[in-house]
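First up is the structure itself, then whatever we jot down about it.
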Amino acid sequence: MPTLDSYRSTPDTHKRNGSGSRLTAILAAATLFSAVGTSMAAAAPAGPQWNGAPVPVLSWSDCTGGFECSDAAVPLDYRDPAGRTITLHMIRHRAADPTHRVGTLWMEPGGPGSSGLSFARDNYDDLPSALRDRFDIVSFDPRGIGTSSQVECYSDAQYDAAVGAAKGVPGPDAFDTAVKVAADFDQNCVTKLGDTAGLFGTQYVARDIDLLRQALGEQQLTFYGRSFGTYVGTVYASMFPRRVRAMALDGAYDPKHYANQPYAYDEPQYLALDAAMDDFLDWCAQNQTSCGFGDGDPKAAFTALKADLDANPVQLPSGKQANGFTLAYRLLFNMDAGKVIWPSFGQALHQAQLRDPNSFLLRPPSPASYDQLNPNTVVSCNDRDFPTSLAKLQRHVTASAAEAPLLGTPWAYAPPMYDQNSAPACVQWPVERVSRYSGSYRAAGSAPILVIGTTHDPDTPYQDAVALSRTFDNARLLTFDAEGHTAFGRSACATDAVATYLADLTLPKVGTVCSDEAPPVPVQAAAARTAVAGSGTGSGSQYSELRDGVRDDHELIRAAR
């Protein structure tokens, strides 16, 4: 829960065909840079030290499952470090082998909008023993998220109305509608958040983490971040480079484009999502028995299905309706699972054709999803410097919809919800971005930073990982050649490489490529595995939750298969 400029010059660069010449060229360039980058001497001064903000006093208490929880009061506005505070909620699991304890492993979830408390708790059992044994596992709900003063601009009812009006095949008035809905969202933010609306950006989150590092008594942090957590890690390392013992950033953001050239960041994300959908539909066409959708032409069938659901929404037992945008919403969040879920996509699309309300792709966003989508847009608008021109916005939205017709079109005109579709809200954002970080992103003087990219990632394009590895002064790139979002937990090869680096500071060899993605799992086999797994954490539960459409985020690390 996301570049190499030369590879983003044309829309065709994201129409991928396995490990072909394009990937070979990128890997060659990245390998050359990585070999140089990790040998560079640390010469730049350390990042900014804080100006007197009091270090929180932590008071840990049991919060079940072997975890401890604590509140931490930090400055609400770092321009006034002794002024108002905001309370952040933390979680910790002590190292299982305290005699060999190395320190604290900070786990930063994605989003923006995902709960770190859930991230640590839900994934603890699936972490490699080398990490559970030797580290206190720590996370928190970042400011404005979850239990740490959750921000709400749109209520559940307002989001329901906006989402219910969105279409899988938007009409000619879609841009004007998107601009009006985004302006209304922004005004609700100002009305409900007041003078705090600009205080939820990533610079302030990084400052929070450094205060919490001090509160934990750590001189340096070991850090794992995934998806948007990679941008948090990038900002932290850039501001406090000498406070990094080891850092692994999985599903990386290109920070320069994300923060300072947002249209150059968003367009490839649209293309990557559509390319992943394209890959699935190609597989479906070649594996009709396993897929069961499309009658030999899945792309045409999918395009027709979006329009049919818009014209004739499916009535759900909940009283809500599902249309073509519902389909696009569920595909975006579940596409991250990679090939393993493709047969279930085929079944669910066929169910949608039959207007079966049991299709997990027909489940509208839940109230839990709105808890994530509200801060996603607020953080994005505080972090990113969008041009204020509506004409430029229209050119961007129109181009993105045209270049990514499968899923990009419905997302381009959707209400403010997630990542690349926040542009209409952020262009009109009426708040001073006081908590924004704009660079530099070199992290000069840090320990080596391990950047992990997945070649066919639908959420954070692989080129972003390459770009980030080039941006840091001292980085190593690890590649997972696969579909889906992120690598840790999905690839035994990548999981072992990440755990080894975080625990022992041993980097993978330059140019390492992991290629052990789990293949498509037949629906019956997946259902049987889920029945055996039950309702606990782990790979079976994750797959069940994806198929059942329960989760709206990307935040379970599956046990590597």
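FYI, the numbering just counts along the sequence from 1. What's counted below: heavy atoms across the whole structure, side chains too, no hydrogens, waters or symmetry copies. None of these values were measured; they are calculated from a predicted model.
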Exercise. So, the side chain of Gln150 versus the backbone of Ile145: is there a donor-acceptor pair under 3.5 Å, distance only?
Worked result: no
Exercise. Short question: side chain of Thr455, backbone of Ala482 - any donor-acceptor pair under 3.5 Å?
Worked result: yes
Exercise. If you take all heavy atoms of Thr495 and Pro128, which pair is closest and at what distance?
Worked result: CG2-CG, 3.7 Å
For this session: Start with the C-alpha distance between His485 and Thr454, add both sets of side-chain angles, then the distance that settles side-chain hydrogen bond (donor to acceptor under 3.5 Å, both in side chains), and finish with yes or no.
Result: CA-CA 7 Å; His485 184 44; Thr454 301; over 6 Å; no
Exercise. So, Thr512 side chain and Pro508 main chain: donor-acceptor pair closer than 3.5 Å or not?
Worked result: no
For this session: Taking Ser446 for its side chain and Pro241 for its backbone only, find out whether a donor-acceptor pair lies under 3.5 Å.
Result: no
For this session: Taking the six-membered ring for Trp and the single ring otherwise, decide whether the centroids of Tyr418 and Phe333 are under 6.0 Å apart.
Result: yes
Exercise. Counting distance only, does the side-chain N/O of Ser114 pair as donor-acceptor with the main-chain N or O of Pro109 below 3.5 Å?
Worked result: no
Exercise. With sequence neighbours excluded, what pairs up with Ser59 under the side chain to side chain donor-acceptor pair (under 3.5 Å) test?
Worked result: none
Seminar exercise, completed: Residues at least two apart in sequence or cross-chain that pass side chain to side chain contact (heavy atoms under 4.5 Å, CB included) with Ala425, listed by chain then number, are Ala182, Asp186, Thr377, Cys381, Pro416
Exercise. How long is the span from the CG atom in Leu212 to the CE atom in Met90, to the nearest 0.5 Å?
Worked result: 4.5 Å
Problem set entry | Glu108 and its side-chain contact (heavy atoms from CB on, under 4.5 Å) partner, picked from Tyr224, Phe119, Tyr236, Phe140 | Phe140
Exercise. More than 12 heavy atoms of other residues, nucleotides or ligands under 6.0 Å from NZ of Lys192: is that the case?
Worked result: yes
For this session: Please lay out, stage by stage, how Asp371 and Ser369 fare under the test side-chain hydrogen bond (donor to acceptor under 3.5 Å, both in side chains).
Result: CA-CA 5 Å; Asp371 288 344; Ser369 72; over 6 Å; no
Exercise. Which value, rounded to the nearest 0.5 Å, describes the distance between Glu432 atom CD and Leu199 atom CG?
Worked result: 9.5 Å
Exercise. Any side-chain heavy atom of Thr87 within less than 4.5 Å of one from Ser149?
Worked result: no
Problem set entry | Heavy-atom closest pair, residues Pro56 and Ala215 | O-CB, 3.4 Å
For this session: For Ser422 and Asp419, indicate whether the former's side chain and the latter's backbone hold a donor-acceptor pair under 3.5 Å.
Result: yes
Problem set entry | Atom pair CD1 (Ile449) and CG (Leu507), whose distance is rounded to the nearest 0.5 Å | 11.0 Å
For this session: Please round to the nearest 0.5 Å and tell me the distance separating atom OH of Tyr263 and atom CD of Gln420.
Result: 13.5 Å
Problem set entry | Working for side-chain hydrogen bond (donor to acceptor under 3.5 Å, both in side chains), residues Gln203 and Ser435 | CA-CA 5 Å; Gln203 182 209 147; Ser435 54; over 6 Å; no
For this session: Could you please spell out the steps behind the side-chain hydrogen bond (donor to acceptor under 3.5 Å, both in side chains) verdict for Tyr462 and Thr479?
Result: CA-CA 9 Å; Tyr462 175 69; Thr479 297; 2.7 Å; yes
For this session: Could you verify whether a donor N or O on one side chain and an acceptor N or O on the other, from Arg143 and Ser148, lie under 3.5 Å apart?
Result: no
Exercise. Is the closest side-chain heavy-atom distance between Leu221 and Val244 below 4.5 Å?
Worked result: no
For this session: Look at Arg84 together with Asp195 and state whether they make a salt bridge at an N to O cut-off of under 4.0 Å.
Result: yes
For this session: Establish, from distance only, whether the side-chain atoms of Asn123 and Arg226 form a donor-acceptor pair under 3.5 Å.
Result: no
For this session: Apply salt bridge (charged side-chain N to carboxylate O under 4.0 Å, His left out) to Arg134 and Asp504, showing your working.
Result: CA-CA 10 Å; Arg134 300 171 63 184; Asp504 301 327; 2.7 Å; yes
Exercise. Are Phe480 and Phe488 close enough that their ring centres sit under 6.0 Å apart?
Worked result: no
Exercise. Under 3.5 Å, is there a donor-acceptor pair between the side chain of Asn382 and the main chain of Ala197?
Worked result: yes
Exercise. Using 4.0 Å as the upper bound for N to carboxylate O, is an ion pair formed by Arg490 and Asp250?
Worked result: no
Exercise. Side chains of Asp457 and Thr460: donor-acceptor distance under 3.5 Å anywhere?
Worked result: yes
For this session: Decide yes or no for Leu131 and Leu502: does some side-chain heavy atom of the first lie under 4.5 Å from some side-chain heavy atom of the second?
Result: yes
Exercise. Trp106 ring centre to Arg213 NZ or CZ under 6.0 Å, with the angle to the axis within 45°?
Worked result: no
For this session: Could you check Phe228 against Thr230 for side-chain contact (heavy atoms from CB on, under 4.5 Å), going step by step and ending with a plain yes or no?
Result: CA-CA 5 Å; Phe228 183 74; Thr230 69; over 6 Å; no
Exercise. Could Arg433 and Asp383 be called an ion pair, given the rule that one side-chain N must be under 4.0 Å from one carboxylate O?
Worked result: no
Exercise. Would you say Val378 and Asn374 make side-chain contact, with heavy atoms under 4.5 Å?
Worked result: no
Problem set entry | Atom pair CD/NE2 of Glu517 and His456 - distance to nearest 0.5 Å | 9.5 Å
Problem set entry | Side chain Tyr370, main chain Gln158, donor-acceptor under 3.5 Å | no
Problem set entry | Main-chain N/O of Tyr258 paired to Arg384 side chain as donor or acceptor, under 3.5 Å | yes
Exercise. With a 4.5 Å heavy-atom cut-off, do Phe223 and Met107 have their side chains touching?
Worked result: no
For this session: For the pair Glu68 and Arg121, find out whether any cationic side-chain nitrogen is under 4.0 Å from an anionic carboxylate oxygen.
Result: no
Exercise. So do the side chains of Thr234 and Met247 get within less than 4.5 Å of each other, counting heavy atoms only?
Worked result: no
For this session: Look at Arg94 together with Asp136 and state whether they make a salt bridge at an N to O cut-off of under 4.0 Å.
Result: yes
Seminar exercise, completed: Hits for side chain to side chain donor-acceptor pair (under 3.5 Å) against Asp141, two or more places apart or cross-chain, chain-then-number order -> Ser115, Thr147
Exercise. Should Val232 and Ile209 count as side-chain neighbours, where that means a heavy-atom distance under 4.5 Å?
Worked result: yes
Exercise. Quick one: does Tyr253's side chain have a donor or acceptor within less than 3.5 Å of a partner on Lys256's backbone?
Worked result: no
Seminar exercise, completed: On a heavy-atom basis, the closest approach of Ala465 and Val451 is O-CG1, 3.5 Å
For this session: Taking side chain to side chain donor-acceptor pair (under 3.5 Å) as the test, write out the residues that go with Tyr154, two or more places apart.
Result: Asp184
For this session: Measure the spacing between CG of Leu76 and CZ of Arg79 and express it to the nearest 0.5 Å.
Result: 9.5 Å
For this session: Measure the shortest side-chain to side-chain distance between Asp464 and Pro268 over non-hydrogen atoms and say whether it is less than 4.5 angstrom.
Result: no
Problem set entry | Ser61: partners by side chain to side chain donor-acceptor pair (under 3.5 Å), with sequence neighbours left out | none
For this session: State, to 0.1 Å, how close Ile86 and Gly144 come at their nearest heavy-atom pair, and which atoms those are.
Result: CD1-N, 4.5 Å
For this session: Kindly state each residue pair satisfying ring-ring contact (aromatic ring centres under 6.0 Å, His included) with at least one member in residues 79-99, sequence neighbours excluded.
Result: Phe67-His93, His93-Tyr124
